[in-house]
There are 2 protein chains.
Amino acid sequence: MESKTDLAILGMLTVEPMSGYDMKQFCEQSLAHFWHESFGNLYPRLKRLANNGLIKGNRVPSERGPDAILYSLTTRGRTRLQTWLLEPPEAEHVRSEFMLKFFFGAHAPADVIDQMLLEYEQQQTRIRQHYKIIEETLRSADDEREESFFWLLSLRRGQLLTAARLRWCRECRTKFANHKNKEPLND
Amino acid sequence: MESKTDLAILGMLTVEPMSGYDMKQFCEQSLAHFWHESFGNLYPRLKRLANNGLIKGNRVPSERGPDAILYSLTTRGRTRLQTWLLEPPEAEHVRSEFMLKFFFGAHAPADVIDQMLLEYEQQQTRIRQHYKIIEETLRSADDEREESFFWLLSLRRGQLLTAARLRWCRECRTKFANHKNKEPLND
DNA sequence: AAAACCATGTAATTGGTTACATGATTGG
DNA sequence: CCAATCATGTAACCAATTACATGGTTTT
């Protein structure tokens, strides 16, 4: 009954009270490189959590649009989050269509794979720029929140991984340049 | 109706004819760091694909156990694989429970997160060793298959990413050592 | 003879996506 | 006034996991 989404919600509410809409944005801005949520999942989960007393919601007028439901953590919710943090994380079932395609890339025309790599490189470059902005925001915030220690390290991980992906991309594209004259597998 | 699993199956069958059991092993050995399949998903998919004429299966005696159904690509299957490779990969919905926990790590006792990082580091070290073995196997194979170009580059990506994760892990654990005296957030 | 591995399969469940519907508010 | 953004919600769908069931073969 309890999904990881529930825990993500509880986690986000430790940052500050949020609406479902806020959470979607928080996912896209701050958790994007390791977490994802959709509205169709978020809203029903929020209702359930409120019914179970882990969060509570108040209808409030929004500064920028129609009324929103601002949720905040209850004691039970905070406790649940803390016990979850004590459990070891479950094994992940990764599925990267990009890498699946690349792995079987011998069966595609070379320039198609090359193009795919180019777009991947551009995407990673955009991500790198995004990280830079986040880093400035985090460092310049004189909030001095305890959490910023973990937020900066999470960011750091994203930066190291993006750098590695970019390096791989360039290596690939170089090797590809020599390889390109050959035709795709004649199958 | 068609899932990515179908394409993964078609892809694996370009390597050689395989049974469902073989495919599960292939996923665990060769695609592990970017693809995952379960039996409960694989077997029904294989039947569907065979019914639709994208693959065909023959019951054969196994060298090491009970009879197996050896599947191989049909012309239609190979064509489907090739057209899929031309399409750009879909955006991925990443969900890393490990990172979710880490991001909210300020709400857990420091030594719990430290332990989590330690286990993560050990896991990545094991993966690195696994890659080393695969690399030797791939390089020493005098198959000289066209595909090995892509296989080695896929491996290379795994190695770069694992190195980045290990580096991050060590950075984290160092910073943690200084941070540890502080208590978890008093919430 | 038991344990471990080989091999295939099905049923129940579930967690989540997509698409759709609605409507308020703001900015150009 | 129109488009974009803000905001919440539901219904249909689906892909995949988990758990279960079965039984052959090899190794110890």
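Chain A is the first sequence line, chain B the second, and so forth, proteins listed ahead of strands; every chain is numbered from 1.
- Put simply, the side chain of Q122(B) reaches to within 4.5 Å of the side chain of E119(B), judged on heavy atoms.
- The phosphate of dT17(C) has OP1 or OP2 within less than 4.0 Å of a side-chain N or O from S38(A).
- At a cut-off of 3.5 Å, with distance as the only test, a side-chain donor of R95(B) or T5(A) sits close to an acceptor on the other residue.
- OP1 or OP2 of dA16(D) has at least one side-chain nitrogen or oxygen of T5(B) nearer than 4.0 Å.
- Distance L46(A) CG to dA7(D) P: 14 Å, rounded to the nearest Å.
- Between Q25(B) atom CD and dT8(C) atom C1' the separation is 14 Å, expressed in whole Å.
- The distance from atom CD of E2(A) to atom C1' of dT13(C) is 17 Å, rounded to the nearest whole Å.
- Of the candidates F104(A), F103(A), F102(A), F150(B) forms a ring-ring contact (aromatic ring centres under 6.0 Å, His included) with just one, namely F102(A).
- In this entry the distance linking CD of E28(A) with P of dA7(D) reads 14 Å, nearest Å.
- Applying the ring-ring contact (aromatic ring centres under 6.0 Å, His included) test to pairs two or more places apart or on separate chains, those with a residue in residues 42-72 of chain A are F39(A)-Y43(A).
- Between the CG atom of D67(B) and the C1' atom of dC5(C) there is a distance of 16 Å, rounded to whole Å.
- Atom pair M23(A):CE and dG9(D):P shows a separation of 12 Å (rounding to whole Å applied).
- With 3.5 Å as the limit, one finds no donor-acceptor pair spanning the side chains of S38(A) and N41(A).
- For K4(B) and dA16(D), the shortest distance from a side-chain N or O to OP1 or OP2 is not below 4.0 Å.
- Looking at the side chain of Y21(B), the nearest of the listed nucleotides dT8(C), dG9(D), dG23(C) is dT8(C).
- Of all nucleotides listed (dT10(C), dA7(D), dT18(D)), dT10(C) comes nearest to the side chain of Y43(B).
- At a cut-off of 3.5 Å, with distance as the only test, a side-chain donor of E97(B) or W84(A) sits close to an acceptor on the other residue.
- Residue L49(A) contributes atom CG, which lies 13 Å from atom P of dG15(C) at whole-angstrom precision.
- Here the side chains of R45(A) and I9(A) are in contact, with some heavy-atom distance below 4.5 Å.
- Checking dG16(C), dA7(C), dT10(D) against the side-chain heavy atoms of R95(B) singles out dG16(C) as nearest.
- A straight line from CG of N41(B) to P of dT10(C) spans 13 Å, rounded to a whole angstrom.
- Under 3.5 Å, the side chains of R167(A) and T162(A) contain no donor-acceptor pair of N or O atoms.
- Checked against dC6(D), dG9(D), dG9(C), the side chain of I69(B) finds its nearest nucleotide in dG9(C).
- Nearest to the side-chain atoms of R45(B) among the listed nucleotides dA16(D), dT18(C), dG9(C) stands dA16(D).
- Between H36(B) and dT17(D), a side-chain N or O to OP1/OP2 separation shorter than 4.0 Å is present.
- If you check residues 51-64 of chain B against DNA chain D, the residues with a heavy atom closer than 4.0 Å are E63(B), R64(B), listed by number.
- Side-chain N/O atoms of S19(A) include none lying less than 4.0 angstrom from OP1 or OP2 on dC6(D).
- Closest contact between the side chain of S3(B) and the listed nucleotides dA7(C), dA15(D), dT18(C) involves dA15(D).
- Among the heavy atoms of the strands lying under 4.0 Å from G20(B) are primed sugar atoms or P, OP1, OP2 only; no base atom is included.
- Distance from the side chain of A68(A) is smallest for dT8(D) among the nucleotides dA16(D), dG24(D), dT8(D).
- Side-chain atoms of K47(A) lie closest to dG9(D) of the nucleotides dT14(C), dC6(D), dG9(D).
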